[in-house]
Amino acid sequence: MKILFVSPEGLPFSKTGGLADVVEALPKALAAMGHDVAVVLPRYRGTKVSTIVVPSLSIPMGDTLRFPAVADGAVLNGVRYFFVDDPEYFDRDALYTTRGADYPDNGERFALFSKAALEIAKQVWRPDIIHCHDWQTALVPVLLRAMYSGDPLLRGLPAVFTVHNLGYHGLFDRGVLARAGLPASLFSIKSLEFYSRVNYLKGGLLAADWITTVSPRYAKEIMTPEFGHGLDGVVRDRAGRVVGILNGADYSLWDPEHDDFIAAKYSAKYLDGKALCKKDLLREFKLPEKSVERPLIGIVSRFADQKGFDLFAKVGSELLRENLSLVALGTGEPKYERYLRALASHFPGKMGLRIGFDNALAHRIEAGADMFLMPSRYEPCGLNQMYSLRYGTVPIVRATGGLDDTVEPFEPFSGKGTGFKFADYDGRALLAAVRTALEVFRDAKAWRRLQLNGMAKDFSWKASAAEYARLYEAALQARIPRAPAASN
Ligand code: ADP
């Protein structure tokens with residue numbers, strides 16, 4: 001099968017979150033299964049390309065045309081990469097935001113990107129399946145069924161749309177349709193219209209052949225008002241076409257046995273290296289050497305409501321009065337950055353904070369911490385808890401979305417389970433889960449058991465990629481008219 005991924009970000013070229021990890025690992029896993037896979041990404045600042053495949057596409061945008069080039073980024077891990085090269089739109093400091101706010105022309109930028117991706121599917125690399133990701137590419141299925149519905153080359157091309165986070169809609173004023181050269185007829189309740197505004201994600205949910213999301217639990221949750229962000233009705237209408245497929249962890253990048261970022265390699269058989277990683281991490285955050293005896297909690301996150309920082313902010317001080325240390329890495333909402341800075345300065349010697357995006361440090365936290373905290377309000381899948389399990393770093397999570405699907409509560413009597421979970425979105429519940437973890441930590445034997453249970457889990461991409469392949473196959477079969485039965 002020829003599968004064309006269209007995504008606003010993907011490693012090793014661009015990343016703001018877990019989507020980028022997925023768009024690196026899933027194509028790689030599909031290619032390893034023998035599929036022919038290509039990925040279309042925007043050419044952001046710093047992306048190197050090898051050749052220009054199409055010097056100029058003509059993309060209608062309102063009453064003008066834009067002329068992005070298509071660049072070839074060569075083949076990596078068996079996957080072909082193409083970039084939509086429009087410097088005015090994409091050669092910027094960041095991917096989506098400037099000084100904490102969205103770029104005002106995001107609607108136009110990603111309309112252009114989606115249209116260019118469809119032109120690539122026509123002119124450069126013709127797929128059997130097109131697989132789009134998040135609101136930035138939601139117009140691909142919309143346009144396939146609208147402007148391109150009569151195109152003999154693209155007509156009937158099955159579109160799979162993966163929602164990595166239903167909380168981000170791509171919501172714009174109505175004028176974006178004219179500015180982005182989108183048909184006014186799309187401003188309908190059956191397509192992009194959402195409370196008098198234009199909602200790209202909604203259009204994608206309605207137009208895609210199949211909708212996938214990144215864990216089975218989240219697939220159910222997004223049909224409820226609590227997790228639906230106003231789109232639960234739309235998702236429910238398409239319930240028969242919604243599938244939850246758990247993201248995998250790419251163990252070629254995230255495994256303490258082969259991780260070059262960490263101070264000492266280790267595995268379930270030789271866990272000694274983990275203690276060295278802890279010392280290294282304490283040193284990195286200038287926490288006292290003697291605190292090595294205390295349990296160390298790690299956080300790597302976007303500092304946002306979604307990730308549970310409002311909850312954390314309620315109990316942070318109380319948490320830090322426990323016999324523990326805490327290191328946190330992340331960026332996000334200024335109010336949470338301020339709060340965490342204040343907390344760290346209030347608990348010198350117990351808390352280390354790094355505001356920023358630092359992949360190497362993320363690896364060192366996974367390796368050096370004893371526990372990993374993810375108190376998310378909602379979590380479509382979450383990757384860090386899966387990485388944590390592999391690193392023998394016990395996850396403490398809220399039981400939601402992929403966190404609930406991947407972490408099993410530890411039962412001291414049976415010795416089964418991989419982490420600690422709490423259900424209520426409540427500071428007391430968070431504290432209680434941490435306190436339970438601290439108690440188990442005091443029992444070295446039980447803790448070792450818990451670590452080993454987690455390290456033995458396999459969340460590699462193999463099984464999930466096979467599920468996607470089955471879905472593509474089903475989408476393809478549904479589109480191909482059946483040959484008449486042979487008569488004899
Ligand atoms: P989301 O996509 O919602 O942010 P995920 O858990 O799915 O959350 O994926 C987050 C990914 O981004 C993980 O690979 C995590 O290690 C990484 N990450 C998040 N924040 C940082 C940071 N400040 N520095 C380095 N890596 C980060």
Side-chain angles (χ1 to χ4, degrees), residues 7-26 94-97 133-136 162-168 213-215 217-218 221-222 227 229 244-256 259 261-262 281 284-285 298-309 327-333 336-337 340-341 352-369 372-391 393 395-398 400-407 459 461 464:
S7 173
E9 58 182 270
L11 283 170
F13 302 100
S14 47
K15 167 165 172 167
T16 67
L19 166 61
D21 300 59
V22 174
V23 168
E24 179 179 42
L26 176 57
L95 273 55
Y96 317 124
T97 55
H133 300 265
D134 277 352
W135 71 264
Q136 295 92 333
T162 297
V163 179
H164 296 259
N165 192 330
L166 198 75
Y168 296 86
T213 187
V214 290
S215 69
R217 175 76 194 268
Y218 192 59
E221 287 175 343
I222 58 176
F227 294 95
H229 301 275
I245 302 177
L246 197 67
N247 281 340
D250 188 341
Y251 293 131
S252 71
L253 303 170
W254 292 94
D255 186 334
D259 190 332
F261 291 119
I262 64 180
L281 190 59
E284 170 75 35
F285 280 96
I299 292 179
V300 179
S301 191
R302 286 184 289 117
F303 300 147
D305 288 344
Q306 182 212 326
K307 300 290 182 184
F309 282 95
V327 293
L329 162 68
T331 53
E333 290 179 36
Y336 293 130
E337 293 187 359
L340 290 166
R341 276 202 186 96
L353 174 68
R354 185 72 51 84
I355 305 275
F357 197 94
D358 184 338
N359 182 47
L361 188 56
H363 283 252
R364 288 164 70 192
I365 291 176
E366 285 292 3
F372 198 93
L373 182 62
M374 294 179 80
S376 304
R377 179 181 286 274
Y378 73 94
E379 193 62 74
C381 178
L383 294 170
N384 279 309
Q385 82 282 10
M386 293 196 258
Y387 302 153
S388 298
L389 290 170
R390 180 50 62 108
Y391 282 74
T393 303
I396 304 171
V397 303
R398 175 151 182 265
T400 182
L403 297 176
D404 201 26
D405 282 338
T406 53
V407 177
F459 290 108
W461 267 102
S464 304

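First listed ligand is number 1; within each ligand, the first listed atom is number 1. FYI, the numbering just counts along the sequence from 1.
Looking at residues two or more places apart in sequence or on another chain, you find a side chain to side chain donor-acceptor pair (under 3.5 Å) between Thr16 and Glu9.
Annotation: the span from Asp259 atom CG to Leu253 atom CG amounts to 9.0 Å, rounded to 0.5 Å.
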With salt bridge (charged side-chain N to carboxylate O under 4.0 Å, His left out) as the criterion, how do Arg354 and Glu284 come out once you've worked through the C-alpha distance, each side chain's angles and the decisive distance to 0.1 Å? CA-CA 10 Å; Arg354 185 72 51 84; Glu284 170 75 35; 2.9 Å; yes
Sub-3.5 Å pairs, protein N or O with ligand 1 N or O:
unit_1, atom_1, unit_2, atom_2, d
ligand 1, 2 (O), Gly18, N, 2.6
ligand 1, 3 (O), Arg302, NH2, 2.8
ligand 1, 3 (O), Lys307, NZ, 2.8
ligand 1, 4 (O), Arg302, NE, 2.8
ligand 1, 6 (O), Leu383, N, 3.0
ligand 1, 8 (O), Lys307, NZ, 3.0
ligand 1, 9 (O), Gly18, N, 3.2
ligand 1, 12 (O), Lys15, NZ, 3.4
ligand 1, 14 (O), Lys15, NZ, 2.9
ligand 1, 14 (O), Asp21, OD2, 3.2
ligand 1, 16 (O), Asn384, OD1, 3.1
ligand 1, 23 (N), Gly356, O, 2.8
ligand 1, 24 (N), Asp358, N, 2.9

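Side chains of Thr400 and Glu379: a donor-acceptor N/O pair is absent below 3.5 angstrom, by distance only. Looking only at atom types and distance, the side chain of Asn165 has a donor-acceptor partner in the side chain of Tyr378 under 3.5 Å away.
Cation-pi check for Arg364 over Phe261 is not met; the charged atom does not lie both under 6.0 angstrom from the ring centroid and within 45 degrees of its normal.
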